[in-house]
Amino acid sequence: MSRLGTLGARLYRGEVGYDFVGKRKIWYGISILITITAIVGLAVRGLNMGIEFSGGAVFTTPKTSVSASEARHVAESASGGHTAVVQELGRGGLRIQISELGTKEALPVQEKLAKELDVQTSKIDTQLVGPSWGEEIASKAWQGLAIFMVLVVIYLAIAFEWRMALAALIALIHDLTITVGVYALVGFEVTPGTVIGLLTILGYSLYDTVVVFDGLKEASKDLTKQTRFTYSEIANRSLNSTLVRSINTTVVALLPVGALLFIGGGLLGAGMLNDISLALFVGLAAGAYSSIFIATPLVADLKERDPQMKALAKRVRARRAAASAKADTGTGQASEDPDPAAAEDGDQPTPAAAAAGAGQRRQPASRGRGRGRPSGKRR
């Protein structure tokens, strides 16, 4: 078995682990800092909305010797200063996109482009997108996102509990805010492909979170009947048991998306792939982060406020204090009441619990005393 596979098996059995839940304040601070940066970028720079949302015209030219930068300068000059986005097509042509360009301005711009690019006017394909259609598309996108969020909360509240539903919703909003903020900072164009990418990564993030929540739900059954672990410790064990799986899934998902973004959009110049590939790349990374560092610690925070979990944590601390006191006095005696959690196959305590329970092993019955056969030779 590989080292990673061995580590995954040890994490699953609880033999090793990292205290993600215990250090949750650090992760909260990092997330707040990233989120604030994304919001500031969104407020200062704003989103570069495509013509599908803002309206405008798209001119597709045949093969030409004019470069993309020269064509952009020509298009902006011909349109009276409107921002132009130029993309090179595989067959040597250009796709010139000018936002907020009306029908009356489109024909003169087409003629000027044909003259400057040295092509026939009839060879330039012109498509117009009205602002009302763009507003309708944007409205439908927001409606789809809102419906998705509502269905997610309802499903998680029914399948698990409201605390997990709330934590998952906060994690999804966290991923969405970071991805939109990166779009604002980078300046990539927002298109319907971007919306599709956002919905895709939200579904991925939710899947990763549900995997952890399912293990946590199973591990926390009858939790109040034992005194070895608190809810936060059980949550941390569940998170560690799925850690390698989450990392592997994320890496495998990021590799093809990274190829689309950096090789397809960067090296090969296929700029039309950037709108969806950037959303997928940033969203997948943010989703993996939120599933590990945000969602589960939030559930533990909310759950520890429950009176039953508070009472459980108090009993766990009392038992560990008693065990520590016995270990210090050297008695080595264990409590006579068996713990249901200790009887589970393969149940290993977390590092904190293991240290606390070091002096709780049962001692073998002393030989030669009580009802045992006396020592000596048989007569």
Side-chain angles (χ1 to χ4, degrees), residues 20-21 24-25 27-43 47 138-185 188 190 192-217 235 238-239 242-243 245-247 249-250 253-254 257 275-303:
F20 293 101
V21 177
R24 53 185 175 269
K25 291 184 179 179
W27 320 133
Y28 294 165
I30 294 174
S31 292
I32 291 173
L33 180 61
I34 296 175
T35 303
I36 291 176
T37 304
I39 293 174
V40 170
L42 184 61
L47 291 174
S139 176
K140 294 295 184 183
W142 284 113
Q143 289 179 11
L145 184 60
I147 292 173
F148 175 84
M149 292 290 192
V150 171
L151 292 178
V152 164
V153 172
I154 293 175
Y155 165 75
L156 291 178
I158 294 175
F160 300 100
E161 60 171 307
W162 68 268
R163 296 176 185 85
M164 292 184 177
L166 179 60
L169 179 62
I170 293 174
L172 290 177
I173 296 175
H174 166 273
D175 301 341
L176 182 63
T177 304
I178 291 177
T179 306
V180 173
V182 169
Y183 261 86
L185 293 173
F188 277 18
V190 178
T194 305
V195 178
I196 295 173
L198 288 175
L199 294 176
T200 302
I201 60 101
L202 290 179
Y204 172 86
S205 175
L206 179 64
Y207 162 77
D208 213 20
T209 303
V210 167
V211 169
V212 180
F213 283 179
D214 186 62
L216 177 56
K217 178 183 177 182
S238 300
L239 185 56
T242 59
L243 181 62
R245 174 180 177 178
S246 298
I247 293 175
T249 304
T250 302
L254 283 176
V257 176
D275 54 355
I276 187 171
S277 58
L278 180 63
L280 289 174
F281 189 85
V282 176
L284 288 174
Y289 174 85
S290 65
S291 298
I292 297 172
F293 298 98
I294 302 300
T296 306
L298 272 177
V299 171
D301 259 338
L302 295 172
K303 196 71 175 180

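Index from 1, following the sequence. What you are looking at is a predicted structure, and each value in this text was computed from that prediction instead of being measured.
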Task: Close side-chain approach of V210 and F160, heavy atoms under 4.5 Å - done: yes
Open item on the list: Let me confirm one number: the CZ-CZ distance from R163 to F213, rounded to the nearest 0.5 Å.
Closed with: 12.5 Å
Open item on the list: What's the separation between atom CG in L206 and atom CG in L151, rounded to the nearest 0.5 Å?
Closed with: 11.0 Å
Task: Gap separating the OG1 atom of T35 from the CD1 atom of I30, nearest 0.5 angstrom - done: 11.5 Å
Task: side-chain contact (heavy atoms from CB on, under 4.5 Å) partner of I39, the single match among I178, V180, I34, T177 - done: T177
Open item on the list: Return the CD1 to CG distance between I201 and L172, rounded to the nearest 0.5 Å.
Closed with: 8.0 Å
TODO: Mind listing the closest non-hydrogen atom pair of L156 and M164 along with its distance?
DONE: CD1-O, 4.2 Å
Task: Closest contact, heavy atoms only, V190 versus Y183 - done: CG2-CD2, 4.1 Å
Open item on the list: Suppose we screen for side chain to side chain donor-acceptor pair (under 3.5 Å). Which residues come up paired with T250, at least two apart in sequence or across chains?
Closed with: Y204
- [ ] Can you measure from CG (L42) to OG1 (T37) and round to the nearest 0.5 angstrom?
- [x] 12.5 Å
Open item on the list: Determine whether a donor-acceptor pair (N or O, by modelled atom type, separation under 3.5 Å) exists between the side chain of K217 and the backbone of A159.
Closed with: yes
Report, one line per pair, each donor and acceptor closer than 3.5 Å where one atom sits in a side chain of residues 284-298; sequence neighbours left out.
from: Y289; atom 1: OH; to: W27; atom 2: O; distance (Å): 3.3
from: Y289; atom 1: OH; to: S31; atom 2: OG; distance (Å): 3.3
from: S290; atom 1: OG; to: D175; atom 2: OD1; distance (Å): 3.0
from: S290; atom 1: OG; to: D175; atom 2: OD2; distance (Å): 3.0
from: S290; atom 1: OG; to: A286; atom 2: O; distance (Å): 3.2
from: S290; atom 1: OG; to: G287; atom 2: O; distance (Å): 3.0
from: S291; atom 1: OG; to: S205; atom 2: O; distance (Å): 3.4
from: S291; atom 1: OG; to: T209; atom 2: OG1; distance (Å): 3.0
from: S291; atom 1: OG; to: G287; atom 2: O; distance (Å): 2.8

TODO: Quick one: pull up CG in D301 and OH in Y28 and give me the separation to the nearest 0.5 Å.
DONE: 4.0 Å
Task: Passing candidate, side-chain contact (heavy atoms from CB on, under 4.5 Å) with V150, options I154, V153, I147 - done: I154
- [ ] Evaluate side-chain contact (heavy atoms from CB on, under 4.5 Å) for T179 paired with T194, printing each intermediate quantity in order.
- [x] CA-CA 10 Å; T179 306; T194 305; over 6 Å; no
Open item on the list: The test is side-chain contact (heavy atoms from CB on, under 4.5 Å); show your working for L176 and L145 and say whether it passes.
Closed with: CA-CA 10 Å; L176 182 63; L145 184 60; 3.6 Å; yes
